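First the proteins, then the strands, lettered A, B, ... as listed; each starts at 1. Just so it is clear, the structure is predicted and the values come from calculations on it, not from any experiment.
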Protein chains: 2
Amino acid sequence: MIGIKNIASYVPAAGIDNYAQGAKFDKDETFILGKIGSAFLPRMAADQETSDLCVEAANALFAASPKLKRESIDCLIVVTQNGDEEGLPHTAAIVQDKLGLPTHVAAFDISLGCSGYVYGLYAIKGFMEAAGLKNGLLITADPYSKIVDPEDRNTTMLFGDAATATWMGEDAVWQLGKSKFGTDGSGAPHLKVSDGVFFMNGRQVFNFALLKVPAHLHELLDESNLQARDIDAFCIHQGSAAIVDAVARRFEEGEPEKFVKDMLETGNTVSSSIPLLLQNHVFDSKWTRVAISGFGVGLSWGSAILYRG
Amino acid sequence: MIGIKNIASYVPAAGIDNYAQGAKFDKDETFILGKIGSAFLPRMAADQETSDLCVEAANALFAASPKLKRESIDCLIVVTQNGDEEGLPHTAAIVQDKLGLPTHVAAFDISLGCSGYVYGLYAIKGFMEAAGLKNGLLITADPYSKIVDPEDRNTTMLFGDAATATWMGEDAVWQLGKSKFGTDGSGAPHLKVSDGVFFMNGRQVFNFALLKVPAHLHELLDESNLQARDIDAFCIHQGSAAIVDAVARRFEEGEPEKFVKDMLETGNTVSSSIPLLLQNHVFDSKWTRVAISGFGVGLSWGSAILYRG
């Protein structure tokens, strides 16, 4: 059974001081820390492409996983909506070449935003099992710096560039349990790109998350015959401090402190936010069962239970 | 086990007379029929978007499949590299809304070109099995009319717009057998979009197909313990008449006439070419085992065995 063997990431060292940026919009430290949640927003360099972020994350994964050999990789999925060039070819093909992976790799991109990691986990596990593959890389890299208008106060204080790489294979530490997904395209206009610039209706997205995510997590637990107390931690998409706090409070009977919050130095990294939490808070923990939930562009959402195998 | 229950398609009635277009480039009927293979190239209307092609194909599938109910759909994958808007949100979310599908649908796009249907079959089967889903739609829609320069003689005579919809579920007529995939991103420059315009190095792509596809099919047969005579038909991507003919001839020990060729009224429809062959030549046949192979943008290729369950 294919599960999660390891996770690594790449967060650019350079970036934006979000206090300084906040001051430009008359926002004080209380707002930046309490509502946005991020003091620093990493930014890819001018000479970096999305595929370069993928390569950095994958190389970090190789460095952290001595048993993982390049020549053993037979599957590569890149989750992005801001890939290289103009989307043709797919970024995964470019990453295959830049990483020096063998040409027998099955590679494609999945187009999803902040829900992308949850979908991506089941897509790569399922694809690998259906096609009989053994070692997969699930990469997330969605650098919103490409599309965010630095003058748009609704978005420029939120997003950070990052990439993550997840090694999927047999005999994994973490296994995928029950999952649950959803899509509401009638909300597509709330998060979209027009003429190369990202637009977000923050209030609508906040309301969507608050209405959808706690209920979705409860339904997932019910269908899994689990109680909130059976879950050691909730790793939900780090949209903003306000969203994580509001979802945690709305999720009744749970303890809000079980909702991991960690975006101070990264910002909202889109589909990379959940794997960053898993890498930095879950993998070396004593926890045995965590819930994940991603939500955003589409509108799209997905939640799942992960457990130690 | 999830398999292929039905396939339907949408081919726009309007389009381009390829003889007239050929004349513009001093190409006669022998060239248009013998090398290109398409007398007519369907074109979407100015007021149609990629999602509209998807909706037409899905509605054709609903019409052809009385047992398939909209409310029973729980998975939707759109294979495209020319989706709606600017790729954010994903086209699948827009299609979910336009089709009036329930919001518990798991929906995402896969970014792949002419190899996309083969990958898409295993991706949707695997995702559905991993996530416990029951009725999926695999939609292909990659209207190259959006990106082809009508003055580029290397591409404008080749591509046609179309969309297909495949119903995936239990108790299917056709099951997915062994598959084999590959990617070589060093060939990415041979097929790419720059500044919104598609470029193809035809000679390189032809050589790639001729070198790769027959060998790949032989390897797949070997790994499946099958001989060429065990395969009733080969449904390979309809890149051009010249490519299909050359691959069929190069594939030794096979009978070239087993390679289905049908692009006269459609052109090269990218990821829709293989499902169009399956719909029009395989589903109502007495054949019990066919091989499929897609190849193109990436470079990317994938081959698989389909068999009656």
### Message
In the structure I gave you, are the side-chain heavy atoms of B/Asn135 and B/Arg70 within less than 4.5 Å of one another anywhere?
### Response
no
### Message
Given 3.5 Å as the limit, does a donor-acceptor pair link the side chain of A/Asp142 with the main chain of A/Val270, or not?
### Response
no
### Query
Do B/Asn268 and B/Tyr144 come within less than 4.5 Å of each other through their side chains, counting heavy atoms only?
no
### Query
Hey, is the main chain of A/Ser145 close enough, under 3.5 Å, to the side chain of A/Asp161 for a donor-acceptor pair?
yes
### Interchain contact, B/Leu76 with chain A, by part (heavy-atom threshold 4.5 Å)
neither
### Query
Is the centre of the A/Phe295 ring less than 6.0 Å from the centre of the A/His237 ring?
yes
### Task
Would you please say whether a donor-acceptor pair under 3.5 Å links the side chains of A/Thr140 and A/Thr164?
yes
### Message
Taking every non-hydrogen pair under 4.5 Å, which of B/Gly113, B/Gly185, B/Gly132 racks up the most with chain A?
### Response
B/Gly185
### Message
Under a 4.5 Å cutoff for heavy-atom pairs, which residue among A/Thr80, A/Asp97, A/Ile110, A/Leu88 has the most contacts with chain B?
### Response
A/Leu88
### Message
Just so I understand: if I count every heavy-atom pair under 4.5 Å between each of B/Thr91, B/Leu112, B/Leu121 and chain A, which residue has the most?
### Response
B/Leu112
#### Entry: Option in B/Ser115, B/Ala131, B/Pro189 with maximal non-hydrogen atom pairs under 4.5 Å from chain A
B/Ala131
### Query
Heavy-atom distance under 4.5 Å to chain A: side chain of B/Ser186, backbone, both or neither?
both
### Message
I need the residue from B/Ile2, B/Leu191, B/Asp109, B/Ile77 with the largest number of non-hydrogen atom pairs under 4.5 Å to chain A.
### Response
B/Asp109
### Message
A side-chain contact here means heavy atoms from C-beta on lying under 4.5 Å apart; do B/Trp301 and B/Asp184 qualify?
### Response
yes
### Pick from A/Ala93, A/Ser111, A/Ala130, A/Gly182 with the largest number of heavy-atom pairs that fall under 4.5 Å of chain B
A/Ser111
### Query
Is any NZ, NE, NH1 or NH2 atom of the basic residue among A/Glu49 and A/Lys146 found under 4.0 Å from an Asp or Glu carboxylate oxygen of the other?
yes
### Contacting moiety of A/Leu101, where chain B heavy atoms sit under 4.5 Å
neither
### Query
Between A/His104, A/Lys192, A/His216, which has the largest tally of heavy atom pairs under 4.5 Å with chain B?
A/Lys192
### Task
Measure distances from B/Gln96 to the heavy atoms of chain A and classify the residue's part below 4.5 Å as side chain, backbone, both or neither.
side chain
### Summary
Answer key: most heavy-atom pairs under 4.5 Å with chain B among A/Val297, A/Leu133, A/Val95 is A/Val297
### Query
Angle class for the A/Phe127/B/Tyr119 ring planes (parallel below 30°, perpendicular above 60°, tilted otherwise)?
parallel
### Query
What option among B/Lys125, B/Glu129, B/Glu85 has the most heavy-atom pairs under 4.5 Å with chain A?
B/Glu85
### Query
Side chain, backbone, both or neither: which part of A/Asp74 has a heavy atom under 4.5 Å from chain B?
neither
